[in-house]
Amino acid sequence: MSNYNPEMIEKKWQDIWEENGTFYASDEKSKPKYYALIEFPYPSGKGLHVGHPRPYTALDIVARKRRMQGYNVLYPIGWDAFGLPTENYAIKNKIHPKEVTKKNVAKFKSQLKSLGLSFDWSREVNTTDPEYFKWTQWIFLKLYEKGLAYKKTTSINWCVDCKIGLANEEVVNGKCERCGGEVVKKDKNQWMLKITDYAEKLINDLDLVDYIERVKIQQKNWIGRSEGMEVNFNITEDKKIKVFTTRPDTLFGATYMVIAPEHPLINELSDKIKNMDELEGYKEKANKKSDFERTELVKEKTGVEIKGIKATNPVNGKEVPIYISDYVLMSYGTGAIMAVPGHDTRDWEFANKFDLPIIEVVKGGDIEKEAFTDIDNGVMVNSDFLNGLKVEEAKKKISDWLEEKGLGERKINYKLRDWVFSRQRYWGEPIPLVYCEDCGWVKVPEEELPLELPEVESYEPTDNGESPLANITEWVNTTCPKCGKDAKRETDTMPQWAGSSWYFLRYTDPHNDEEFASKENLKYWLPIDWYNGGMEHTTLHLLYSRFWHKFLYDYDIVPTKEPYQKRTSHGMILGENNEKMSKSRGNVVNPDEIIEDFGADTMRVYEMFIGDFEKSVPWSQNGVKGCRRFLDRVWRLKDSIVDGDKYSKDLESNMHKTIKKVSEDFENLKFNTAIASLMELVNNFNSKGEVNKKEFKTFLTLLNPVAPHITEELWTSLDLGGMLNEQSWPEWDEDKTVDNEIEIPIQVNGKVRGKLKVSVEADKEEIKEKVMNDENINNYLDGKNIVKEIYVPGKIYNIVVK
RNA sequence: GCCGAAGUGGUGGAAUUGGCAGACGCGCCGGACUCAAAAUCCGGUGAGGUUUACCCCUCGUGUGGGUUCGAGUCCCACCUUCGGCACCA
């Protein structure tokens, strides 16, 4: 063994680990378990990206460390392989998506294996495998049984020229990404999942888990709980508009109403409304906008008054006009609002534009200039029996009053909307339902699952908005499982989110063909101890999978309320030019090349050393070189090894401090500073000119989770005893990590003017005496009065003078 | 627009969570080795000032204000960048 040559050693160790099954998790349940999880990748045609290994290496470090600490570790991997890009690629190149997926998975797999990650490959899952999606369909049927799946008309993006439904991502500036043609909304009857039933639990149970704070906040805000009143505004004898408001206290200031352009009331009252054409025209325009274009605050407010009808304000009986405007969304609340221009910014702008009355009902601002929205410091005015009350008091009083009179009721509203579960695509799990003229929707019997996709030549979309499956009549036409008559299969498929909403459960028992995982295995392995993934999955994937898990918990199928005990997040890796890596920008770095040129261990060290794990960071080829140099130095240390079964005196404290720092940093996403302290330790070995066996063994063990190949190779070739991965994690002695003499800065008026070596236990008097003898300090005290002296033991000594 | 996060040397970042700003790495400069280069090793490296030199001084963490003996860290306002916005995954 001469020079450090990763090519020679990395493949060798990967093969040894694989042959020995070193990283297989055991279902024998005697040891304490640890379940570490990364978001399983979507095997795209582009292959692995340098961004992928960042989270994988991070949790690989945790997994390897935990094994050394005596845990039975489950660190699994799989493929989230259904999805749009594969289907589109397949259509374009006339290859079956199954084949495309197979090829992509093979590529990803070989790339991941070359990184030396300690995944348990025996538990690999693939969402497109019928043995897997059998259980995805099974869970859907459970949701359906419990009434959580229902059909509803919603709108999809429809390209008029291609005659196909488009994903939001395929709509660019209102045009079709493929052909540039016009995109309109088209109504479609779709399967929905009632995630809103779980809104309250999804918020409250965040208290049970250890997620990084910003993830919790994003989840809470996405669910968007707000408490308020539903209030009825009468229009005619039998028609009324229901509004949701969090500010019932301002009811006396409601001077008009706005309803969403799609509100059903418009058609219901079409015989009374005098300007239907105008309203239809406005609705058509609004339909072309996305929800967030519609709710932008800065844009000019638009709207049309509904002529021929008026609403009555229930608190004072006054008649108010009704408008339609696109800033009111049918999907939030009741699709209608009472407008209080004095105290809501959007209403104020609207009222100004349409010259509607603005009444002040909360005193404290200047409603001539802007809406007054500060609810903490306002007192009610112009509000009859609410006058003089504070906002909070008024809210309560008016709510009681409205409930008493039957004019409204207290209501909790969520921003969260039900989950649109249908896709008009081929490459997804078929929804296992059959429609029978007599029996309605009927479940495909469980014993017939998996309901597989038909093998066909063409899986291109139809031109009427139906899924490609609708064209395959021999698949669609079936018999009703209930009555045996002719019936038709549902042709929509499930969204990609379905398979990823429960994959972590399957890992606990991936080859079980009786149930989706055995109770014993679920009980042993759950909850996931640490789940790391991208910030971009904070709202959707995380919420959807928590929802499914909670549903399964309620029906006693899984043993824990929450799937993930701890959730952290990593930042993106950008190109050298600080922009997102993409083919079109020409800044993509291929991990294969890095491994070829520098080795997998260098790649791993660099990915962890590159910067703050939680922030996005640009790639740097020079940085990679630096990490290779570090490993070269580690390799050369073998020539400086001397005997010794104890830490040497001069390095003892350093060793204990490093063990502590590395151990703690690995737990706190601070891989970069852990590596920095290992680098410092190597620098210390080198400046001393030697390292003893005990020190080197500890060092190799600490570095092993980050750079497993080089450390294993050094360990065995130096014959340090067995294999490194079988060793236990080093311990540190807290007493030996504290210095008894330290240097503290001496400040005058907060500026450092000198330093002093003192014992840790030194008291104020002792330091003061030394301080007063310091020449430089005295220069600053000369001719001034000492006002105050502050001593923070171990930290600082500050003298305040005047 | 709404929700969330981040701005520190030439550069990626560090800072015991209110206590010496710039650890560690990269780059750059100088030196050693070499016929020479690469590799490696040693030293220097925030800006400005002062000094033969050691030293020492002023400024400095996106901008403007504030709290404090003391602010990269806390508070207020603003600017810029990034993630998400429900059919990309």
> Write down the distance between CG (A/Asn683) and P (B/G43), rounded to a whole number of angstrom.
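The answer, rounded to whole Å, is 10 Å.
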> Specify the glycosidic conformation (syn or anti) of B/U73, with syn defined as within 90° of 0.
anti
> Checking all strands, does A/His537 fall into the base, sugar-phosphate, or nothing category for heavy-atom contacts under 4.0 angstrom?
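Base, at least one base heavy atom under 4.0 Å.
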> Below the 4.0 Å mark, does B/U16 have OP1 or OP2 next to a side-chain nitrogen or oxygen of A/Lys660?
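A/Lys660 to B/U16 OP1/OP2: no side-chain N or O under 4.0 Å.
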> What's the separation between atom NZ in A/Lys661 and atom CG in A/Asn668, rounded to the nearest 0.5 Å?
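So the gap between those two atoms works out to 9.5 Å.
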> Are a donor atom and an acceptor atom from the side chains of A/Asn168 and A/Asn157 found within less than 3.5 Å of each other?
yes
> Can a side chain N or O of A/Asn157 be found less than 4.0 Å away from OP1 or OP2 on B/C87?
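No.
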> Can you tell me if the side-chain N/O atoms of A/Arg629 get under 4.0 Å from OP1 or OP2 in B/G27?
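Indeed, a polar side-chain atom of A/Arg629 lies that close.
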> Are A/Phe609 and A/Phe630, when compared by the centres of their aromatic rings, separated by less than 6.0 Å?
no
> Quick one: look up who B/C87 pairs with, Watson-Crick or G-U, both distances under 3.5 Å, and put none if it's unpaired.
none
> Under a 3.5 Å cut-off for both contacts, is B/G22 paired Watson-Crick or G-U wobble with anything, and if yes, with which nucleotide?
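Paired with B/G22, as far as the under-3.5 Å criterion goes, is no nucleotide at all.
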> Would A/Glu536 and A/Lys580 pass as an ion pair if we require N to O under 4.0 Å?
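Not counted as a salt bridge, because no side-chain N and carboxylate O are separated by less than 4.0 Å.
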> Who passes salt bridge (Lys or Arg N to Asp or Glu O under 4.0 Å) against A/Lys46, sequence neighbours left out?
none
> Using a 4.0 Å heavy-atom cut-off across all strands, classify A/Ile156 as base, sugar-phosphate, or nothing.
base
> When you check the glycosidic angle of B/G9, does it come out syn, meaning within 90° of 0, or anti?
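You should classify B/G9 as syn.
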> NA contact type, A/Arg214, heavy-atom cut-off 4.0 Å: base, sugar-phosphate, or nothing?
sugar-phosphate
> Quick check on B/C87: is either OP1 or OP2 less than 4.0 Å from any side-chain nitrogen or oxygen of A/Arg423?
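It does, given that an N or O in the side chain of A/Arg423 lies less than 4.0 Å from OP1 or OP2 of B/C87.
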> In whole angstroms, how far is the C1' atom of B/G84 from the CG atom of A/Asn221?
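After rounding, the reported distance stands at 12 Å.
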> Classify the nucleic acid contact of A/Arg753 as base, sugar-phosphate or nothing, counting any heavy atom under 4.0 Å across all strands shown.
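Sugar-phosphate only.
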> Assign A/Phe613 to base, sugar-phosphate, or nothing according to its heavy-atom contacts below 4.0 angstrom with the strands shown.
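Touches nothing.
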> Mind checking A/Thr538 for me? I need base, sugar-phosphate or nothing, with any heavy atom below 4.0 Å counting as a touch.
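Nothing, no nucleic acid heavy atom in range.
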> When you compare B/C74 with B/U52, how far apart are their P atoms, in angstrom units rounded to a whole number?
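Their P atoms lie roughly 45 Å apart.
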> Determine, for nucleotides 67-82 of chain B in 5'-to-3' order, which nucleotides have protein heavy atoms under 4.0 Å from the base (write B), from only the sugar-phosphate (write S), or from neither (write -).
--B-------------
> If you measure only the distance, is there a donor-acceptor pair under 3.5 Å linking the side chains of A/Thr86 and A/Tyr42?
yes
> Would you measure the distance from the C1' atom in B/C76 across to the matching atom in B/U67 and give it in whole Å?
11 Å
> Quick one: which of A/Trp497, A/Phe140, A/Tyr150 gives a ring pair (Phe, Tyr, Trp, His ring centres under 6.0 Å) with A/Phe421?
A/Phe140
> In whole Å, measure the gap between the P atoms of B/C88 and B/U40 for me.
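Comparing P positions in B/C88 and B/U40 gives a spacing of 48 Å.
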> Does A/Asp632 pair with A/Arg628 as a salt bridge, N-O distance under 4.0 Å?
yes
> Record whether the side chain of A/Gln190 comes under 3.5 Å of the base of B/C87 through a donor-acceptor pair of N or O atoms.
yes
> Mind checking what makes salt bridge (Lys or Arg N to Asp or Glu O under 4.0 Å) contact with A/Arg214, not counting sequence neighbours?
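Expected list: A/Glu614.
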> Write down the partner of B/U16 under the Watson-Crick or G-U wobble criteria, each distance required to be under 3.5 Å.
none
> Checking base pairs now: Watson-Crick or wobble, both atom distances under 3.5 Å. What partners B/G30?
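Pairing partner: B/C42.
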> Checking base pairs now: Watson-Crick or wobble, both atom distances under 3.5 Å. What partners B/U8?
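Base partner found: none.
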> Nearest whole angstrom, please: distance from the P of B/A6 to the NZ of A/Lys615.
7 Å
> If the P atom of B/G65 is compared with that of B/G72, how far apart are they to the nearest Å?
15 Å
